[in-house]
Amino acid sequence: MSQAIEGGPGQPIVVDIAGVESPSLTDREGSRDFQVQVEVSNDSDGPLTVIRISIRPEGSGAFQVQPASQKFNEMIDPGKDHLFPVRVTGRLVRSWRNDESHAITLRCMIELSNGDSYFYSFEGPVRE
C-alpha cells in the first residue's frame, strides 16, 4: 500500500534544497529556467530508490514557478545522499508589494519505488 507522508524527523529520507542555479537568460515573457538541486538522504536501514521528484509553488506571490516533475531511477544506499537536478521555470508576474516578502515557498514531493511519497516545503529568497 502506498502512502503520502509529510516529511520530517524520523522519516526514512531527509530532503533539502542544496542550491538553485539560473544559468539561462530571461525570455520575452520574463520567464527564466532554474535548476533546483534537491538533496535526498537515506536515513533508513535499507536501500531506497527515488523514481520521481515534483516541485510546485505554494501560495500566489509576485514571483511564480510553474509546476515541474522529473523521473529518476536512482538507488541511494543507507546513510548516503544524492543530488537531483530538477528544472523549473519561474517569472515575476507583477511588482512586489511594499509589505510583501521577496520569497517563494516550494512544495517538493519525492516518490520512492516502494510506493511511498514524501512532501516537504521550502522557503527561499527571490533575487532579481
Side-chain angles (χ1 to χ4, degrees):
M1 181 175 96
S2 65
Q3 52 184 343
I5 303 159
E6 187 73 37
Q11 300 296 354
I13 63 170
V14 176
V15 176
D16 201 6
I17 301 292
V20 177
E21 299 168 14
S22 177
S24 68
L25 300 172
T26 305
D27 70 14
R28 275 183 284 182
E29 287 85 40
S31 293
R32 183 192 273 167
D33 287 339
F34 296 88
Q35 192 167 76
V36 178
Q37 299 289 332
V38 179
E39 183 179 51
V40 179
S41 302
N42 183 349
D43 269 10
S44 75
D45 53 8
L48 295 171
T49 301
V50 174
I51 59 168
R52 180 180 294 277
I53 296 179
S54 303
I55 296 176
R56 65 177 172 82
E58 271 190 350
S60 57
F63 190 84
Q64 290 290 302
V65 170
Q66 308 229 335
S69 183
Q70 247 173 272
K71 287 183 178 181
F72 296 95
N73 186 18
E74 186 68 40
M75 189 180 81
I76 306 171
D77 287 322
K80 302 291 184 188
D81 50 53
H82 188 80
L83 278 180
F84 295 89
V86 180
R87 189 176 73 86
V88 298
T89 302
R91 71 184 185 108
L92 197 61
V93 295
R94 61 172 169 77
S95 297
W96 295 98
R97 293 190 309 263
N98 289 339
D99 63 340
E100 190 173 21
S101 168
H102 286 233
I104 185 169
T105 302
L106 298 176
R107 188 120 165 113
C108 187
M109 183 178 75
I110 312 299
E111 293 180 53
L112 303 177
S113 61
N114 65 6
D116 289 347
S117 299
Y118 294 88
F119 294 89
Y120 291 81
S121 291
F122 299 97
E123 184 178 283
V126 175
R127 296 183 184 92
E128 317 282 325

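All values reported here derive from a predicted model rather than from experimental measurement.
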* Which atoms form the tightest heavy-atom contact between Gly30 and Arg91, and what is the distance? -> O-CB, 3.2 Å

* Can you list every salt bridge (Lys or Arg N to Asp or Glu O under 4.0 Å) pair that touches residues 36-55, not counting sequence neighbours? -> Arg52-Glu111

* Structure fact -> Residue set satisfying salt bridge (charged side-chain N to carboxylate O under 4.0 Å, His left out) with Glu123, at least two apart, ordered chain then number -> none

* **Side chains of Ile110 and Phe72 in contact at under 4.5 Å (non-hydrogen atoms)** => no

* Can you name the nearest heavy-atom pair linking Leu106 to Pro57, along with the distance? -> CD2-CA, 4.2 Å

* Asked: Can you check whether Val50 reaches Leu48 side chain to side chain, under 4.5 Å on heavy atoms?
  -> no

* Taking all non-hydrogen atoms of both residues into account, name the closest pair between Ser121 and Thr105 and its distance. => CB-CG2, 4.4 Å

* Structure fact -> Residues passing the side-chain hydrogen bond (donor to acceptor under 3.5 Å, both in side chains) test with Gln37, sequence neighbours excluded, are Gln35

* **Cluster link Ile76 to Ile51, ILVMFWY, side chain under 4.5 Å** => no

* Asked: What residues form a side chain to side chain contact (heavy atoms under 4.5 Å, CB included) with Ala62, not counting sequence neighbours?
  -> Leu92, Arg94, Trp96, Glu100

* To do: Could you go through the side-chain contact (heavy atoms from CB on, under 4.5 Å) check for Ile53 and Gln70 one step at a time?
  => CA-CA 6 Å; Ile53 296 179; Gln70 247 173 272; 5.6 Å; no

* Asked: Does anything in residues 74-88 pair up under side chain to side chain donor-acceptor pair (under 3.5 Å), and if so which pairs, sequence neighbours excluded?
  -> Asp33-Arg87

* Show your reasoning for whether side-chain contact (heavy atoms from CB on, under 4.5 Å) applies to Thr49 and Leu112. => CA-CA 6 Å; Thr49 301; Leu112 303 177; over 6 Å; no

* Applying the 4.5 Å side-chain criterion to the ILVMFWY set and letting contacts propagate, would Val88 and Val20 be lumped into a single cluster? -> yes

* Structure fact -> What one should report as the nearest heavy-atom pair of Ile55 and Cys108 is CG1-SG, 4.2 Å

* Asked: Quick one: hydrophobic cluster around Met109, which other residues, with the 4.5 Å side-chain cut-off, linked directly or via members?
  -> Phe119

* Would one find more than 12 heavy atoms of other residues, nucleotides or ligands at under 6.0 Å from atom CG of Asn98? -> no

* For Ser69 and Ser54, which heavy atoms make the closest approach, and how far apart are they? -> OG-OG, 3.1 Å

* Honestly curious: do Val14 and Phe122 fall in one hydrophobic cluster under the side-chain, below-4.5 Å linking rule? -> no

* To do: Could you tell me whether the side chain of Val15 reaches within less than 4.5 Å of the side chain of Tyr118, counting heavy atoms only?
  => no

* **Flag side-chain contact, heavy atom, 4.5 Å: Asp16 against Tyr120** => no

* Going through the checks in order, is the side-chain contact (heavy atoms from CB on, under 4.5 Å) test met by Asp116 and Ile13? -> CA-CA 11 Å; Asp116 289 347; Ile13 63 170; over 6 Å; no

